[in-house]
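Below: one structure, written as structure tokens.
Along the sequence shown, residues carry numbers from 1. On a predicted model such as this, the values are computed, not experimentally measured, just so you know.
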Amino acid sequence: ANMSSNDEYAPLTNSIVKGLNDKLYDKRKSSAIEVEKLVKHLLQQEQGARVVTVIAVLRKKFIHGSNANGKKGGLIAMAAAAMAISQATDTLPAFLKDMVPPVLSCLGDHEARVRYFACESLYNIAKVSRTHILHFFTRLFDALCKLAADPDTNVKSGSAPLDRLLKDIVTEHGRVDIEGFIELAKDRVRTIDPSVRLFLVSWIDTLNNVPGLDLVAHLPKFLQGLFEYLSDDDSEIRRIALKTLSEFLLELQKADKDNVSVAELMAIIVLHTSSKDLLTKKTAIRWVQEFITLYQRQLLPFTWDLLKSVLPTLGKSTDSGLKELATTVNQGLSKLVGDSDAEGLKVLDFPPLLSVLVQQLIIESVNTRTAALRWLLMLRGKMPTEMYQHVDEFSPALLKTLSAKEEKVIALDLELLAEMSSFDPEDSEERKQLANAFFTQFLKDLMRLFSTDRRLLSTRGSFIIRTLCLLLDAEHVYTALADIILHLDDEPEFAPLMVQNLNIILITASELSTLRLQLRSMATEDDKRLFSALYKCWCYSPISTLSLCLLAQVYDHACDVMYKCGQLDTTVGFLIELDKLIQLLESPIFGYLRLQLLEPHSYCYLVKCLYGLLMLLPQSTAYTTLKNRLEIIPVVASTLGDLDRSKNKAKAAGGNINLDLPFDELLAHFDAVQERAASLSVGAVAPLLSKPPRRKQASSTPSESK
């Protein structure tokens with residue numbers, strides 16, 4: 001610059017101009033003080049127009065000049081001029097529009113020292129102008145946000161006092177361009193720079209605590225960033241973010257619900273309920289918990305998305321606080337759905353909800369699985385049409401869940417399967433048909449599962465069948481199973497095994513006591529049909545058939561079956577089943593039968609059948625047990641003789657003798673089943689033998705041969 005031309009820099013003197021351009025800070029500082037004196041003098045002389053000229057010269061010739069030292073001098077002088085104006089008059093606000101913008105522009109200068117002095121200059125201007133500086137709040141905030149990420153540490157530290165002062169002024173006066181702030185904040189809140197994050201979250205926290213400023217209405221624009229800050233490495237960022245989020249949650253409780261964008265907020269919160277960061281996840285679920293109370297059914301559309309993260313948390317979380325929150329949220333959502341009417345449930349997106357629940361069934365957690373099953377049970381009650389429409393999507397998972405380790409899970413699973421298999425009398429015919437179709441298909445699938453997973457059959461089979469009989473009508477379950485097994489022509493090994501299991505359950509389980517009474521009494525035509533249905537299936541296992549006849553007290557036919565058993569191959573499996581039958585006869589269930597032995601004349605067919613069993617048994621513990629029991633029967637010889645004397649036939653009619661059942665037909669069915677089983681058994685074993693088998697020499701069951 002030309003130092004000798006006063007007109008160009010007037011009313012600044014040559015010495016002031018020279019000092020402001022000097023490379024030494026002290027000289028620039030001294031010249032700035034001279035500017036301050038000059039401005040005061042001009043104002044005292046009421047020469048305001050010349051003060052405007054001074055500001056213009058500082059702006060054009062120094063701050064906007066190309067000389068770095070001159071820029072620094074101009075910045076110091078501009079602050080000095082502001083202080084002079086504030087001390088001399090109350091007209092500073094009128095000058096700020098010319099003073100602040102040029103200083104602000106220097107905050108982005110390429111020279112670090114210029115940026116530093118710009119911070120210092122603005123600090124001094126803001127200090128004297130106070131509330132009037134807020135006219136430039138948006139631009140100041142924008143510039144400070146950039147300075148928070150400044151690569152020069154001195155510049156960063158130089159901007160901190162300005163930042164604190166601006167917060168103090170905002171807090172004190174509460175007048176700020178909130179819309180401008182939000183627009184800037186929403187664009188930068190997703191930053192990963194820790195310094196900028198700290199800057200932004202501290203400002204959000206500050207403005208949120210200013211009375212009269214409503215940030216809640218703008219919350220969706222920066223909530224995402226606040227949640228992301230919870231997982232920041234900087235503990236201070238996490239602390240302020242958590243504090244701010246907690247305060248916003250409190251404010252939402254007081255806010256007008258009509259002015260809260262629940263859907264927008266939930267869309268953000270849902271994302272963070274699945275966070276891998278504990279604090280983020282915990283805070284998000286805490287928000288959901290509060291939102292359930294505040295906004296209730298407005299959360300229904302987010303049910304499936306929330307359950308996707310909440311249900312797994314019930315099982316795998318090691319944090320007790322988080323697990324407790326997840327439990328509360330799950331219960332709250334369940335109550336929302338449970339209390340909603342058909343119209344309210346239309347907002348539920350059923351397919352993804354069902355998909356999420358099915359996915360939880362494969363998680364190895366009792367809490368998660370049981371929660372998912374309870375949800376499915378509730379949906380069966382609230383949305384049965386949708387459940388039946390999507391039955392193929394969850395049936396395989398329910399079947400697989402029967403292999404769970406915990407009985408609690410299996411019991412709930414069976415409860416759901418039973419509900420899907422049931423209907424109310426007032427239900428439509430279509431609904432009844434759907435339930436019946438599900439029931440039949442489920443039992444078929446269950447038989448296939450037992451066939452392929454014999455371990456499940458042996459460990460959980462009894463529990464599953466008993467529970468089904470408890471939840472559903474036992475007669476319905478047993479007749480349906482009998483019909484399915486009866487048509488298992490391709491399962492020569494499984495059918496007898498399944499019948500043996502069903503027979504043990506029938507005789508011993510308390511859940512089937514009513515069914516046993518039906519079979520013992522045979523009082524109605526329905527009871528007789530039940531016996532016939534079971535009999536045809538039970539024929540796969542001769543000893544089970546004999547057991548069924550003894551249970552039903554058809555002792556005359558039991559003798560016929562006993563003779564048929566004597567004609568069969570005496571395999572190890574046969575003898576094991578016979579041994580089990582003797583043990584069952586000694587059980588409390590057959591107490592009535594043992595008491596009947598006290599009346600041998602009335603129950604001579606029973607006596608004959610038991611002696612026949614004794615003849616079939618080899619010398620063994622079972623033989624001794626039965627022999628000891630029979631030895632106490634009085635007048636055995638005369639009893640057996642009574643069967644050949646027609647005059648005593650009426651006396652021998654104890655039990656359900658001479659019932660009008662097609663016993664000849666049933667016995668023929670027994671023979672046919674046994675012949676088919678024998679042929680299948682030989683066919684199954686033959687490929688394993690080097691020579692053609694000789695059937696009479698067989699000493700093992702098909703399963704043992706394999």
Within the distance-only criterion (no hydrogens, no angle test), does the side chain of [X] pair as donor or acceptor with the backbone N or O of [Y] below 3.5 angstrom?
{"X": "Arg286", "Y": "Leu325", "result": "no"}
{"X": "Tyr229", "Y": "Val189", "result": "yes"}
{"X": "Lys72", "Y": "Val114", "result": "no"}
{"X": "Asp277", "Y": "Thr280", "result": "yes"}
{"X": "Thr244", "Y": "Ile240", "result": "yes"}
{"X": "Ser274", "Y": "Leu271", "result": "no"}
{"X": "Arg115", "Y": "Gly108", "result": "no"}
{"X": "Asp427", "Y": "Asp424", "result": "yes"}

Quiz item: How far apart are the C-alpha atoms of Asp142 and Lys146, what are their side-chain angles, what is the distance that settles it, and do they pass the salt bridge (Lys or Arg N to Asp or Glu O under 4.0 Å) test?
Solution: CA-CA 7 Å; Asp142 182 34; Lys146 293 173 183 176; 3.6 Å; yes
[X] atom [atom1], over 12 foreign heavy atoms within 6.0 Å:
{"X": "Lys127", "atom1": "NZ", "result": "no"}
{"X": "Glu324", "atom1": "CD", "result": "no"}
{"X": "Lys29", "atom1": "NZ", "result": "no"}
{"X": "Lys335", "atom1": "NZ", "result": "no"}
{"X": "Gln253", "atom1": "CD", "result": "yes"}
{"X": "Asp233", "atom1": "CG", "result": "no"}

Quiz item: side-chain contact (heavy atoms from CB on, under 4.5 Å) with Leu417: which of Leu471, Asp445, Leu402, Thr467?
Solution: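 When Leu471, Asp445, Leu402, Thr467 are each tested with Leu417, the side-chain contact (heavy atoms from CB on, under 4.5 Å) holds only for Leu402.
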Quiz prompt | Qualifying residue, where the test is side-chain contact (heavy atoms from CB on, under 4.5 Å) with Met378 and the options are Leu373, Leu416, Val337 | solution =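 By the side-chain contact (heavy atoms from CB on, under 4.5 Å) criterion, Met378 pairs with just one of Leu373, Leu416, Val337: Val337.
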Using a strict threshold of under 4.0 Å (side-chain N to carboxylate O), is an ion pair present between [Y] and [X]?
{"X": "Arg197", "Y": "Asp232", "answer": "yes"}
{"X": "Lys243", "Y": "Glu247", "answer": "yes"}
{"X": "Glu172", "Y": "Arg130", "answer": "yes"}
{"X": "Glu228", "Y": "Arg190", "answer": "yes"}

Practice problem: Any chance you could lay out the side-chain contact (heavy atoms from CB on, under 4.5 Å) test for Ile410 and Thr401, step after step, and finish with the verdict? | Solution: CA-CA 7 Å; Ile410 300 173; Thr401 304; over 6 Å; no
Quiz item: Between Asp109 and Lys71, does a salt bridge (Lys or Arg N to Asp or Glu O under 4.0 Å) hold up when you go through it step by step?
Solution: CA-CA 10 Å; Asp109 195 272; Lys71 288 183 178 182; 2.7 Å; yes
Can a side-chain donor-acceptor contact be found between [Y] and [X] if the only test is distance below 3.5 angstrom?
{"X": "Lys323", "Y": "Thr318", "value": "no"}
{"X": "Ser195", "Y": "Lys156", "value": "yes"}
{"X": "Glu120", "Y": "Asn124", "value": "no"}
{"X": "Glu251", "Y": "Asn208", "value": "yes"}
{"X": "Arg175", "Y": "Thr131", "value": "yes"}

Between [X] and [Y], what is the shortest heavy-atom contact and its length?
{"X": "Leu472", "Y": "Ala418", "result": "CD2-O, 3.6 Å"}
{"X": "Val128", "Y": "Ala82", "result": "CG2-O, 4.0 Å"}
{"X": "Asp319", "Y": "Leu322", "result": "OD1-N, 2.7 Å"}
{"X": "Ile268", "Y": "His272", "result": "O-CD2, 3.2 Å"}
{"X": "Ser340", "Y": "Leu300", "result": "OG-CD1, 3.5 Å"}
{"X": "Gly70", "Y": "Phe62", "result": "O-CB, 3.4 Å"}

Quiz item: Do Arg28 and Phe117 meet the cation-pi criteria used here (NZ or CZ under 6.0 Å from the six-membered ring centre, within 45° of the axis)?
Solution: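 Yes; both conditions hold, so Arg28 lies above the ring face of Phe117.
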Self-check item: Arg139 NZ/CZ over Phe136 ring centroid, <6.0 Å and within 45° of normal
Solution: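 Here Arg139 fails the 6.0 Å and 45° test against Phe136.
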Do [X] and [Y] make a side-chain contact, defined as non-hydrogen atoms from C-beta onward lying under 4.5 Å apart?
{"X": "His218", "Y": "Glu179", "answer": "yes"}
{"X": "Ile63", "Y": "Met78", "answer": "yes"}
{"X": "Val201", "Y": "Asp205", "answer": "no"}
{"X": "Ser395", "Y": "Leu399", "answer": "no"}
{"X": "Leu230", "Y": "Leu245", "answer": "yes"}
{"X": "Arg374", "Y": "Ser334", "answer": "no"}
{"X": "Leu107", "Y": "Leu144", "answer": "no"}
{"X": "Leu252", "Y": "Trp287", "answer": "yes"}

Self-check item: Mutual orientation of the aromatic rings belonging to His132 and His135 [parallel < 30°, tilted 30-60°, perpendicular > 60°]
Solution: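 His132 and His135: parallel rings.
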Practice problem: Please state whether the rings of Phe137 and Phe181 are parallel, tilted or perpendicular, taking 30° and 60° as the class boundaries. | Solution: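 Tilted, since the angle between the ring planes falls between 30° and 60°.
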Self-check item: Lys221/Glu183 under salt bridge (Lys or Arg N to Asp or Glu O under 4.0 Å): CA gap, chis, key distance, verdict
Solution: CA-CA 8 Å; Lys221 295 179 180 178; Glu183 286 305 307; 3.7 Å; yes
Exercise. Would you please test Phe302 and Tyr295 for ring-ring contact (aromatic ring centres under 6.0 Å, His included) and show each step?
Key: CA-CA 12 Å; Phe302 302 93; Tyr295 309 114; over 10 Å; no
Quiz item: What's the verdict on side-chain contact (heavy atoms from CB on, under 4.5 Å) for Gln87 and Glu36, showing C-alpha distance, side-chain angles and the deciding distance?
Solution: CA-CA 10 Å; Gln87 292 169 8; Glu36 181 180 358; 3.8 Å; yes
Quiz item: Stepwise, does the side-chain hydrogen bond (donor to acceptor under 3.5 Å, both in side chains) test hold for Thr385 with Arg431?
Solution: CA-CA 8 Å; Thr385 302; Arg431 180 69 53 77; 3.2 Å; yes
Quiz item: Any chance the rings of Phe350 and Trp304 have centres within less than 6.0 Å?
Solution: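 Ring centres of Trp304 and Phe350 not closer than 6.0 Å.
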Quiz item: For the residue pair Phe438 and Phe423, is the inter-centroid distance of their aromatic rings smaller than 6.0 Å?
Solution: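 No, the ring of Phe438 stays outside the 6.0 Å limit from the ring of Phe423, centre to centre.
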Quiz item: So Asp163 and Lys167, salt bridge (Lys or Arg N to Asp or Glu O under 4.0 Å) or not? Walk me through it.
Solution: CA-CA 6 Å; Asp163 181 51; Lys167 286 173 181 171; 3.1 Å; yes
Practice problem: Show the numbers, then the answer: is there a side-chain contact (heavy atoms from CB on, under 4.5 Å) between Cys145 and Val196? | Solution: CA-CA 6 Å; Cys145 187; Val196 179; 3.8 Å; yes
